[in-house]
Amino acid sequence: MVLTGAEIVIRCLQEEKVEYVFGYPGGAVLYIYDALFQQEAVRHVLVRHEQAAVHAADGYARSTERVGVALVTSGPGATNAVTGIATAFCDSIPLVVISGQVPTAAIGQDAFQEVDTVGITRPCVKHNFLVKDVRDIASTIKKAFYLAKTGRPGPVLVDIPKDVSMHKCEFEYPKEISMRSYNPVVKGHSGQIKKAVQLLLEAKRPMIYTGGGVVLSNAAEQLTRLTRLLGYPITNTLMGLGGYPASDRQYLGMPGMHGTYEANMSMHYSDVLLAVGARFDDRVIGLPSHFAEEPRKIIHIDIDPSSISKRVKVDVPIVGDVKEVLEEMIRQLESGEARPNPEALAAWWKQVEEWRGRNCMVYKNSDEIIKPQFVVQKLWEVTGGEAIVTSDVGQHQMWAAQYYRFDKPRRWLNSGGLGTMGVGMPYAMGAKLANPDMPVACITGEASIQMNIQELSTCKQFRLPIKICNLNNRYLGMVRQWQQLFHGQRYSESYMDSLPDFAKLAESYGHVGIRVDKPGDVEGAIREAFTTHKNELVFLDFQVDQTENVYPMVQGGKGLTEMILSAEDL
Amino acid sequence: MRHVISLLIENESGALSRVSGLFSARGYNIESLTVAPTEDASMSRMTIVTTGSDDIIEQITKQLNKLVEVVKVVDISEAAHIERELMLVKVRATGKDREEIKRTADIFRARIIDVTDASYVVELTGNQGKLDAFLGAIEPALILETVRSGVCGVGRGDRVLKL
C-alpha cells in the first residue's frame, strides 16, 4: 500500500497500539496532523504547551507499562519539549517523541522555526534519529519503540522533515527488529547470582535497597517475595516507592536526604547491602567517602552496566533485568537448604527497631494552622492509599513521598532525577487517561503548579477529573528551607507575591476550586473532592504553615548518618 | 593513566558527535580521536586516546558501550598492542638548513614528500614518542606547520576487534 510519510507515521503508531498521542500542531507537522485527523484509533490530546505534552506522555508511561508518545512541531515545539525529554531521560522512562523538522532542502539554511533538534536533544535521549527518506520512516519508528522500552528504558526522538512526511512510498511495518550495535543483557549471570545469594545468607546485618528499576521492570511482586523469604529490612528510594508495600513491617521508609532515620542507619551500618535497580544517587547515600567508611559488601543488580561501580565500588555486580534476576535468586533460595542465620537476624532487627523507635517522622500538628504533612496524611486516609499520586518538585514532593504510603508500584509519579517543577499536573493528566477508573491526585505547591498551570485548560477539554492538592505556603519552600539553614536566613527571591486566587482561577477554567484555611476543614474538603466532585477537576488550595521544614534532613555534602531529625536539632 | 580505546561504530551521521559529546558531557579527557570507515563501509573504527584513573576508564568504556550506535569497545592498551601516528611537518628549508633537515629526516626514516626552493614537507610515521622526538630535533623556528593524525592502534597477534 502506497502511503504518505505522514500516513505511515500514524500507521506505525497504530501498529504499536498507541492509545494517546500528546501534542501540539505547527507548520512542520501539518501533514502528520492531517493524517491523524483522518483516523480514530490513535487519539490526540491537545496540550497548551509542548513541555506538558512530553510530561503527560511520561506520566502515561509511568502509570502503565507502556511507551508514552508525544508529537511536536519544529523549532520552538522541539525546544519546549526538551525539558520533558530530559525529565524522562533522568528517570529512564520509555517515550517516543516525534518532532517535525523544516523540509530537507531547508535544513542548515536557518529556516523559519528551524533548530538542530537532533543535536539539541542528543545528550538527553537514549537515542535519536533524523529521517531523511520516507522509506526509512517505518523502520525508524519501529526501532524507536524498541529502543525506548528495552534495556534501560528512555526517551527516543524521531525528527521528520516536512517534505519526508509528504513523500509517498510503499508501507510495510517491520515485524521484528534487530540491531547489531544494541543487544541489552536480560538474564543475569547465574554464577554471580549464586555468589549474591550466598553472601546474602551469610549476612549478619543485611539490608535491601531498591530503586526505580524495580518499578520499570515490573518486579514488585518478585521483590516482595524475595524480601519476605529472607526476612530482611528494606528501603525504597524516591523512584522506587511502591516497589515494596510501605505498610509492611519489613519496610523502613525512604532512604536519603529526606529519608527516615532507620532507613539511613540500616543502609550505613549494614554488612551486606543488596541494591536492586538503584544507582547510589547523591540524594540517597550522601557523601560517597563517608558511606565507604563502614565496611560492607555490596551486591548490585542493574540492567545498565554503567550504573554499577559508578559512585560506590560494588563487590558482586549482576547485570540483567531486575525481574529475571530476582526470579533466579528466589529459585536458588527456594531450591537450596540454607536459610538466614536467625540469631544474627534477630539481633539486627532489634537494632533496627531501636532506630525506628526514634519516630523520626513525627511532626507537631496544630489546630490553628494547616500542617502540610497533615494534608498528605488525610489524602492517604481518604483515598485508602489507593490513588495514583503525582507530585511536583520541592518540599511538597518530599512530604508526599514521606506521608503517602505506597503499597503498589506505578502509583507514585514524580521527577526524581531531573527534579522538574511543573510535572505534577501533566503527569496526572497522562495517568488519568491511562487509568480512567482510578483516583488521581496531584500534590503540588503554589510555585510548581504555576509552571504548567495552562494545562487546566487541557483538563477541561478532555474532562480529566484530577484532584490538585496545592500545599500553598507562599514560598519556594525548599529554597526557603536551604536559605534558612545554610544561608543565614537571607530569603533571596524565595517569596512569591501576587499569587492568584487559585480556587477562582480553577473556576474560571470551568473546574471546582476550594480554598482551605483551617486544619479542621482539610478532611472534609478532600472528601468533597473525591465524592461530590468525583467527576470534576478540583483544585484544593490549602493555606499551609509557611515555615514548616522537611525533616529528617541530611545536608548536601554530609554523610548519610549525619541527620537533622527535627527543628530541635538545629 | 593513558589508555587507547578502540571501537567499532555504525557509520552514520551524528555518530562522531555522540562520542565526542559523551566525553565533554561527562568531563572525560580526549587526547586524540581518529575515525575512518573500515573495510565494511557501514562501520567506522575509532581510536580514542584518553587519560584517567581505572574507575574513570571503566566508566568510559561502559558509557561508550551504552551508545546505541557503538558496536564494540576494546581498551587495546590493556595488553600488547601497536600504536601509530602520521605527521606532516612543513619546514623552512633554505641554505644550510636544507641539508640538515634532510639528514634528520633520514635518521628518523621520514620522507620528504614535497619540495620547493624554500620548504619541505616531511612525512613521518611512528608512535607519539618518535614524532615528538623528531619535532624536538628540528630548530623550532624552521617549523611552519605541524599536522598530526592522532593515534590509531591495533592489538598484537590474536587480539582482533571485529564484529
Side-chain angles (χ1 to χ4, degrees), chain A residues 86 89-90 92 104 107-108 116-133 136 140 143-144 146-148 150-159 177-185 279 288 292 300 302-314 317 319, chain B residues 1 3 5-28 30 33 35 37-46 48 50 52-75 78 160-163:
Chain A
F89 181 67
C90 288
S92 308
T104 319
I107 291 178
D116 174 11
T117 304
V118 164
I120 287 174
T121 56
R122 192 175 290 129
C124 62
V125 291
K126 180 168 174 184
H127 198 58
N128 58 17
F129 299 93
L130 171 63
V131 186
K132 288 185 180 151
D133 188 323
D136 295 335
T140 305
K143 276 184 198 167
Y146 172 64
L147 287 169
T150 55
R152 180 175 181 171
V156 179
L157 178 129
V158 182
D159 200 26
I177 204 91
S178 81
M179 297 168 76
R180 62 180 172 182
S181 61
Y182 176 78
N183 295 295
V185 176
R279 57 188 177 97
H300 191 175
D302 206 293
I303 193 137
D304 178 3
S306 73
S307 278
I308 296 177
S309 290
K310 184 172 68 177
R311 303 192 75 244
V312 299
K313 205 84 196 134
V314 168
V319 176
Chain B
M1 266 279 278
H3 287 254
I5 294 169
S6 282
L7 56 96
L8 292 172
I9 187 166
E10 296 288 352
N11 190 6
E12 279 166 21
S13 69
L16 173 61
S17 55
R18 287 184 210 282
V19 173
S20 60
L22 166 67
F23 275 74
S24 60
R26 295 193 180 263
Y28 306 142
I30 299 184
L33 188 157
V35 59
T38 62
E39 76 282 3
D40 170 359
S42 70
M43 238 175 352
S44 292
R45 174 142 171 172
M46 202 178 277
I48 304 167
T50 182
S53 64
D54 289 352
D55 289 349
I56 290 192
I57 300 297
E58 183 183 330
Q59 266 300 310
I60 290 176
T61 54
K62 282 174 169 177
Q63 293 291 348
L64 285 169
N65 260 314
K66 204 161 113 177
L67 294 177
V68 167
E69 282 162 342
V70 169
V71 183
K72 256 185 184 172
V73 181
V74 172
D75 180 352
E78 270 185 341
V160 173
L161 173 59
K162 209 171 164 50
L163 189 63

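Every chain is numbered from 1, with letters handed out A, B, ... down the list of sequences. Just so it is clear, the structure is predicted and the values come from calculations on it, not from any experiment.
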Tightest non-hydrogen contact, residues A/S181 and B/V68, listed as OG-O, 2.5 Å

Residue pair B/D75 / B/H3: nearest heavy atoms and the distance that separates them: OD2-ND1, 2.6 Å

Based on non-hydrogen pairs under 4.5 Å, which of B/S17, B/A25, B/G14, B/S13 is most in contact with chain A? B/S17

Where does A/K132 contact chain B at under 4.5 Å (heavy atoms): side chain, backbone, both or neither? side chain

Of B/E10, B/K66, B/E12, B/R18, the largest count of non-hydrogen pairs under 4.5 angstrom with chain A goes to B/R18

Please classify the contact between A/D304 and chain B as side chain, backbone, both or neither, with a heavy-atom cut-off of under 4.5 Å. side chain

Honestly, the part of B/L163 sitting under 4.5 Å from a heavy atom of chain A is side chain

Least distance between heavy atoms, A/R279 atom then A/S307 atom: CB-OG, 4.3 Å

How many angstroms lie between atom CG of B/N65 and atom NZ of B/K72, to the nearest 0.5 angstrom? 10.5 Å

Are B/K62 and A/D302 ion-paired here, with the side-chain N under 4.0 Å from a carboxylate O? no

Which bit of B/Q59 comes within less than 4.5 Å of chain A, counting heavy atoms only: side chain, backbone, both or neither? side chain

Using heavy-atom distances under 4.5 Å, tell me whether B/S42 contacts chain A through its side chain, its backbone, both, or neither. both

Do you know which two heavy atoms are closest between A/K126 and A/L147, and how far apart they sit? NZ-O, 2.7 Å

